[in-house]
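Proteins come first, then strands; the chains are lettered A, B, ... in the order of their sequence lines, and each starts at number 1.
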There are 4 protein chains.
Amino acid sequence: MDLCPKRWSRRKEARPHEILEAALELFAEKGYAATRIDEIAARAGVTRGTPYLYFAGKEEIFKALIQELLLPALDEAEAMLDGFEGSAAERLRRIVHVWWQSMGETRLSALPKLMVAEAGNFPEVAKLYNDLFIVRGEAIFRQVIEAGVASGEFRTVDVEYALHVLCAPVVMAMLTRYMPYGHAALDPLRYLDCLLDLMLHGLQQCPQSAESKEKPDA
Amino acid sequence: MDLCPKRWSRRKEARPHEILEAALELFAEKGYAATRIDEIAARAGVTRGTPYLYFAGKEEIFKALIQELLLPALDEAEAMLDGFEGSAAERLRRIVHVWWQSMGETRLSALPKLMVAEAGNFPEVAKLYNDLFIVRGEAIFRQVIEAGVASGEFRTVDVEYALHVLCAPVVMAMLTRYMPYGHAALDPLRYLDCLLDLMLHGLQQCPQSAESKEKPDA
Amino acid sequence: MDLCPKRWSRRKEARPHEILEAALELFAEKGYAATRIDEIAARAGVTRGTPYLYFAGKEEIFKALIQELLLPALDEAEAMLDGFEGSAAERLRRIVHVWWQSMGETRLSALPKLMVAEAGNFPEVAKLYNDLFIVRGEAIFRQVIEAGVASGEFRTVDVEYALHVLCAPVVMAMLTRYMPYGHAALDPLRYLDCLLDLMLHGLQQCPQSAESKEKPDA
Amino acid sequence: MDLCPKRWSRRKEARPHEILEAALELFAEKGYAATRIDEIAARAGVTRGTPYLYFAGKEEIFKALIQELLLPALDEAEAMLDGFEGSAAERLRRIVHVWWQSMGETRLSALPKLMVAEAGNFPEVAKLYNDLFIVRGEAIFRQVIEAGVASGEFRTVDVEYALHVLCAPVVMAMLTRYMPYGHAALDPLRYLDCLLDLMLHGLQQCPQSAESKEKPDA
DNA sequence: CATGAATGAGGATTCATTCAT
DNA sequence: AATGAATGAATCCTCATTCAT
């Protein structure tokens with residue numbers, strides 16, 4: 001596999017991925033426009049011309065990010081959720097935590113920020129992001145909420161909107177990783193726990209709600 | 001003699017504000033770097049050179065946005081909340097709706113998007129945004145949650161985190177106004193109602209409560 | 001003459017001259033291109049538009065400098081030399097000192113600097129400067145040298161070149177007034193005295209000296 | 001296959017020097033401000049962007065001129081003077097001629113013009129020019145005059161000022177190469193000879209002045 | 001396959017000039 | 001006669017992209 005041990009053929013296969021990783025980091029740090037190809041190349045350990053051997057241009061690098069980096073993570077996340085058994089509440093907890101582990105706390109948290117910033121300039125990429133990530137992610141949340149409502153574990157709520165209410169703090173936790181002030185200091189896990197606490201109280205039927213974690217009195 | 005009614009309208013007073021409005025719109029649409037000064041000028045109804053009569057450069061325009069546009073809105077919002085009486089739940093509803101009216105559905109919803117995108121490139125502006133907007137906004141939410149907990153109307157929750165959970169969907173609703181897909185189609189008011197429904201259920205004490213939202217008297 | 005005592009009619013007559021004075025100072029300090037019309041206006045105590053009431057544009061201001069400021073000084077200098085009696089040596093001393101007083105140590109010393117810097121960009125002005133100033137000045141020096149040679153007071157020298165050798169240090173003394181380093185610290189009068197000392201020794205017949213190169217006859 | 005022999009010649013080493021040469025010529029012709037980067041690039045045979053590969057900007061090009069172009073010439077001139085034996089008069093003649101050959105009649109004669117024009121705008125460069133060129137040049141002249149006075153070959157003169165008197169015509173000869181009128185027509189060598197004739201007569205002891213070099217006949 | 005010198009279109013900024021007031 | 005807001009051509013500089021090596 002490495003018949004030709006020449007310096008530059010060493011990692012022929014790995015190059016495109018390395019370039020995308022470098023690009024993602026930089027796009028997230030500085031934005032698409034403010035990131036120079038030279039910087040991407042430098043961070044990927046190559047020189048100015050090399051990215052053009054693998055991508056048609058800066059915009060193509062941007063477009064490739066979603067396909068190449070997001071999809072595998074989504075597949076992984078879905079695999080982790082697959083076949084999980086338990087109450088709706090338990091499944092919701094698990095979803096939120098898996099989501100955070102496989103995306104929120106990885107370099108992929110950069111993508112929502114990038115999309116907020118650049119969706120308007122790259123509708124095509126935004127469509128891809130929407131179709132692959134948002135729709136797919138929402139489906140997972142929708143499923144568990146609907147199941148909870150159907151089984152009577154959850155109150156009857158406006159499912160389509162409730163799922164966005166539920167996702168919003170998770171996404172915000174990803175976005176704020178890139179803000180130099182404010183939210184930045186929050187502990188993500190405690191943030192997610194608080195979210196789940198509020199949401200499950202908000203969703204669950206009250207009467208038999210012995211769920212109350214903080215004060216299980218009564 | 002006056003075929004061309006007014007080649008320029010000599011409005012020294014109004015110009016800076018017009019330029020900032022134009023800049024805010026464009027920065028939100030396309031991002032800071034992708035917005036050309038010419039475009040800002042054109043949208044403000046002036047030509048290339050005019051913005052430089054009032055601002056030292058593009059960056060100064062950016063910096064001025066927060067001070068000039070955000071502060072008045074915040075003052076207005078706080079005035080609308082001032083002296084409002086009612087239960088914690090009622091106050092929370094009102095805060096969320098006032099917030100949305102005075103910022104979410106105005107052109108100011110552009111600022112959170114801008115900040116997500118550019119905070120890293122303009123830490124100085126991010127600090128201003130944080131100090132003037134985030135800190136001040138959070139204080140309002142913190143106050144009402146704390147009051148609710150103190151009066152026994154709300155459960156004991158992790159206030160500092162709960163307020164972020166509460167804010168997140170409101171901010172997300174602002175951000176998604178600029179996304180071409182997905183969330184964009186949601187009805188903001190229904191979204192906020194759903195948020196309040198979930199949050200109030202999540203916050204309120206739930207004795208034998210048959211869900212009575214506003215005033216579970218009796 | 002001042003029937004209309006309105007604020008701005010006060011010095012109608014003086015304006016153009018004030019503007020030229022301001023322009024000369026600034027052109028000498030910073031060069032033609034680096035001097036903004038605003039600066040000229042400000043130093044003349046008027047605003048941006050006013051210079052255009054008196055001059056067609058920046059270049060016309062430049063052109064006017066020579067005519068308006070240099071000629072009077074030259075006339076004055078020639079008047080001071082007129083009818084002066086004495087040996088060639090005495091006349092040379094007087095010329096150099098008058099020259100220095102009426103031009104070297106006044107703001108007119110700016111003109112040689114300006115001409116060195118801008119002659120190439122304004123050949124028309126350079127021609128004017130040459131015809132009015134250089135030619136006229138050289139004529140004065142030529143005259144006294146020729147008279148000295150004719151009377152036998154001076155050696156026979158290459159008059160046409162000697163006059164330039166004689167002028168050069170005077171001009172350099174004017175130029176170096178604008179250099180921040182080096183020559184700047186020299187005392188002009190001592191410099192001129194040294195020049196005259198050397199030149200007169202260089203020009204005068206050496207009593208018993210059989211040195212006479214060109215025309216060893218007599 | 002090679003219809004267009006070489007679109008660019010890939011001469012990393014030579015470029016900076018070529019650009020500086022082009023810049024020096026143009027700065028001397030038109031002045032710093034009036035010279036466009038495009039012109040410098042064009043004269044150097046490259047395009048707009050290339051100068052920026054080697055210099056941070058226009059000002060850096062200006063600053064580099066002194067260091068890169070002047071120093072080698074000065075070293076060369078000093079080498080040519082090194083170890084020269086002869087009377088003070090002979091040494092003075094030689095200095096003036098070497099000076100003229102290695103600087104006056106080369107493209108370096110542009111530097112004094114540039115400095116007269118721009119010293120005020122670039123004090124930092126002026127300092128460099130002063131320290132490297134003026135101080136060093138003056139030292140050479142000072143040395144020979146002092147030696148002449150010490151040996152009795154020259155009269156006792158105001159050395160510090162005499163050297164400036166001596167330098168001034170040499171510098172003026174450099175400056176006037178760029179004036180479209182007047183001095184321009186003079187023959188530099190005849191000018192220098194006249195200078196030396198006058199100066200040596202002016203410096204030398206008169207009585208026993210059997211100095212007559214050119215025509216020691218009698 | 002990789003490099004990096006060179007390109008040149010694009011965009012920020014300046015400032016001489018105009019003209020309604 | 002004077003002002004100064006507005007203009008827009010001119011110019012510096014950046015950086016995505018190309019291509020000879």
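Each of Thr50(C) and Ala34(D) was assigned the nucleotide of DNA chain F with the nearest heavy atom; the assignment lying further toward the 5' end belongs to Thr50(C). Both Tyr32(C) and Val46(D) lie close to DNA chain E; mapped to their nearest nucleotides by heavy-atom distance, the more 5′-ward contact belongs to Val46(D). Nearer the 5' end of DNA chain E, as judged by each residue's closest nucleotide, is the contact made by Gly49(A), out of Gly49(A) and Thr35(B).
When the side-chain nitrogen and oxygen atoms of Arg15(D) are compared with OP1 and OP2 of dA6(E), one or more of them lie within a distance under 4.0 Å. Here Arg48(B) does not reach the OP1 or OP2 of dA12(E): none of its side-chain N or O atoms lies under 4.0 Å away.
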task: Could you please spell out the steps behind the side chain to side chain contact (heavy atoms under 4.5 Å, CB included) verdict for Ile66(A) and Met115(A)?
output: CA-CA 10 Å; Ile66(A) 310 291; Met115(A) 284 298 129; 3.6 Å; yes
message: Applying ring pair (Phe, Tyr, Trp, His ring centres under 6.0 Å) to Tyr129(C) and Tyr181(D), what does each step give before you reach the verdict?
response: CA-CA 9 Å; Tyr129(C) 174 76; Tyr181(D) 296 101; over 10 Å; no
task: Would you sort out whether Ile19(D) and Ile61(D) count as a side chain to side chain contact (heavy atoms under 4.5 Å, CB included), showing the intermediate values?
output: CA-CA 8 Å; Ile19(D) 289 165; Ile61(D) 292 177; 4.3 Å; yes
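Taking only side-chain atoms of Tyr54(D), from C-beta outward, the nucleotide of dA1(F), dT3(E), dA5(E) with the closest atom is dA5(E).
For the pair Leu114(D)/Leu24(D), a side-chain contact is recorded, criterion being any heavy-atom separation below 4.5 Å from C-beta on. Using a 4.5 Å heavy-atom threshold, the side chains of Leu69(D) and His17(D) count as touching.
Tyr52(B) places its OH atom 17 Å from the P atom of dT11(F), with the value rounded to the nearest Å. Whole-Å rounding puts the Glu18(C) CD to dA1(F) C1' distance at 14 Å. The NZ atom of Lys30(A) sits 14 Å away from the P atom of dT14(F) (whole-angstrom rounding). The distance from atom CG of Leu53(D) to atom C1' of dT3(E) is 15 Å, rounded to the nearest whole Å. Phe55(D) has its CZ atom 16 Å from the C1' atom of dC12(F), to the nearest Å.
Ion pairing between a basic and an acidic side chain is recognised when a charged N comes within 4.0 Å of a carboxylate O; Arg15(A) and Glu18(A) show such pairing. Between Glu124(A) and Lys127(A) no salt bridge is recorded (no basic side-chain N to carboxylate O distance below 4.0 Å). A salt bridge between Arg43(D) and Glu25(D) is present, with a side-chain N of the basic residue lying under 4.0 Å from a carboxylate O of the acidic one.
Using a 4.0 Å heavy-atom distance criterion, Arg36(B) is classed as a sugar-phosphate-only contact. Counting any heavy atom pair closer than 4.0 Å across all strands shown, Ile37(D) reaches sugar-phosphate atoms only and no base atom.
In this structure, Tyr32(C) and Phe122(C) have perpendicular ring planes: the angle between them is above 60°, well past the 30° mark.
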- request: Kindly express the pairing pattern of DNA chain F in dot-bracket notation, using | wherever a base pairs with another strand and counting only Watson-Crick or G-U pairs under 3.5 Å.
  value: .||||||||||||||||||||
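Heavy-atom distances under 4.0 Å link DNA chain E to no residue of residues 56-67 of chain A.
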